[in-house]
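One-based numbering, in listed order, for ligands and for the atoms of each. FYI, side chains are in, hydrogens and waters are out, and symmetry mates aren't considered; it's all heavy atoms of this structure.
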Amino acid sequence: MASPNRILIKGGKIVNEDATQIGDVYIEDGKIVAVGLNQNVPDCVRVIDAKGQLVLPGGIDTHTHMELAFMGTKAVDDFNIGTQAALAGGTTMILDFVIPQKGASLLQAYEKWRSTADPKVCCDYSLHVAVTWWDETVKKEMETLVQEKGINSFKMFMAYKGVFMLQDHELYSAFSQCKEIGALAQVHAENGDLIAEGAKRMLALGITGPEGHELCRPEDVEAEATQRAITIAHAVNCPLYVVHVMSKSAARVVAGARRSGRVVFGEPIAAGLGTDGTHYWHQDWSHAARFVMGPPLRPDPSTPGYLMDLLANDDLSVTGTDNCTFSICQKALGKDDFTKIPNGVNGVEDRMSVIWEKGVHSGKMDENRFVAVTSTNAAKIFNLYPQKGRIAPGSDADLVIWDPKATRTISAKTHHQAVDYNIFEGMVCHGVPVVTISRGKVVYENGKVLAKPGEGRFIPRKPFAEFVYKRVHQREEVRTPCAVSRQPYDGEIISLPHNG
Ligand code: URP
Ligand code: ZN
Ligand code: ZN
Ligand code: ZN
């Protein structure tokens, strides 16, 4: 009788970010024990034949919002359904967001999110925490979260005025604290003041439909905030991570900053790589509304291909989904006013296939770069590497057996998510996950998710990720400005008149 704790994956093409080799992967008790050909393994082992298939590190989705309460309603993919969908798509870890209300304790919000997620998750997960207001207690709580709760990334919003948005001086303080405690500062980069004014203008013009959502926040609203965040982060030598880079203009800003030496990472998402904002002009309101998210998808149809080119060439670093799903009846809260349409799209299940199709099948990136942008870079940036993101002895056995030749057609009729549409509906993708293994257990096979709620684990992360902080520390040492040593001036000084 084969032990479920021991698996031998035989004869696959094992793909890491830096190399591909044909061989076997032997797994015991949740860990990868050996990688290579002709291994001596015990008898009672389950053997999975992977000939002709790829064996990839499980995907890491850097950006999800399972069951988020937002804009008056709650995202329909909860931690159970959302992580089942992740596994079905070849993703074995998600990073979700704790988002406290203004004035609320970050620590309490974190504890609440842990107790919501822990009993439900079917795959491993970790958390970013949002900083939505600023004072000394927030600063202290950030430190506690880093030192005691396994958090090493904080998201700051430059949009959602009056709700989550921070002012520039608050960003400066939050970024300074991130740098102090070894965390990564993340930004939602859109100019919230301009969006608020733009929205009023569109409504005054009688534009109430989903197209107004894009028209009130065009590309430069995103690009300006991206540049401002990079400038503020640079002023305090803090590494920066720009979440959901949605436009060519913002992507160019990130690319330019990286080329001029800034420690900045850009995260495009599956939606932005796989589809575009022309849908906002669709005649059918319910069709148009399903694409509403912030920042919006862009109407320039060359955007997805451009973002993929930058991702392939390391101008952009890593991919998430911003999975935050509201069904049509929830989107309908904004049927007469686009500002009331709950923001968010799907992606957690389809990210890997969409990137394979548009990135690898199209010839823009090879399978190694695919692994880097869907898994390894996330593990490095968020300090999970090599526990996650690598196929090597000692790493967690989070793997996908991937059929690069098979195709599947994405559809809400067959997806595992709770949402009643799919923004990629009808897309035919090469690259199909055949078997998903999470910490050594087969959790997806023959089209069925086998994981149970609560089987996933919270993965704590340490601060000062080397991948992010090595350069920051070195710069601190050699680039801190110092005063010029000179003789004191001892000449004449004019007298200023006294004004009362
Ligand atoms: O539209 C979006 N992105 N919804 C989720 C919240 C956020 O800004 O990430
Ligand atoms: Zn955001
Ligand atoms: Zn459409
Ligand atoms: Zn988000």
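Between Phe458 and Tyr125, the angle of the ring planes goes over 60°, which puts this pair in the perpendicular group of the 30/60° scheme. Taking the six-membered ring for Trp and thresholds of 30 and 60 degrees, His128 and Phe97 have ring planes inclined between 30 and 60 degrees apart.
Residue pairs meeting the ring-ring contact (aromatic ring centres under 6.0 Å, His included) criterion with at least one partner in residues 238-258, sequence neighbours excluded, are His63-His244, His188-His244, Tyr241-Phe382.
Residues Phe79 and Trp113 bring their aromatic ring centres within 6.0 Å.
Remark: of the listed residues Lys388, Gln387, Arg390, Lys388 is the sole one forming a side-chain hydrogen bond (donor to acceptor under 3.5 Å, both in side chains) with Asp398. Of the options Lys248, Arg259, Arg258, a salt bridge (charged side-chain N to carboxylate O under 4.0 Å, His left out) to Asp315 is made by Arg259 and by none of the others. Applying side chain to side chain contact (heavy atoms under 4.5 Å, CB included) to Val263 and the options Val472, Leu184, Leu240 leaves one that passes, Val472.
For the Zn ion (ligand 4), the set of protein N/O/S atoms nearer than 2.8 Å consists of His63 NE2, His65 NE2, Asp322 OD1, ordered by chain and number.
Scanning for salt bridge (charged side-chain N to carboxylate O under 4.0 Å, His left out) contacts around Lys74 gives an empty result, with sequence neighbours left out.
A heavy-atom cutoff of 4.0 Å around ligand 1 is satisfied by the protein residues His63, His65, Phe70, Lys155, Phe157, Tyr160, His188, His244, Met293, Gly294, Asp322, Cys324, Asn343, Gly344.
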Take His213 and Ile341 through the test side chain to side chain contact (heavy atoms under 4.5 Å, CB included) and record every step on the way to the result.
CA-CA 9 Å; His213 176 74; Ile341 302 172; over 6 Å; no
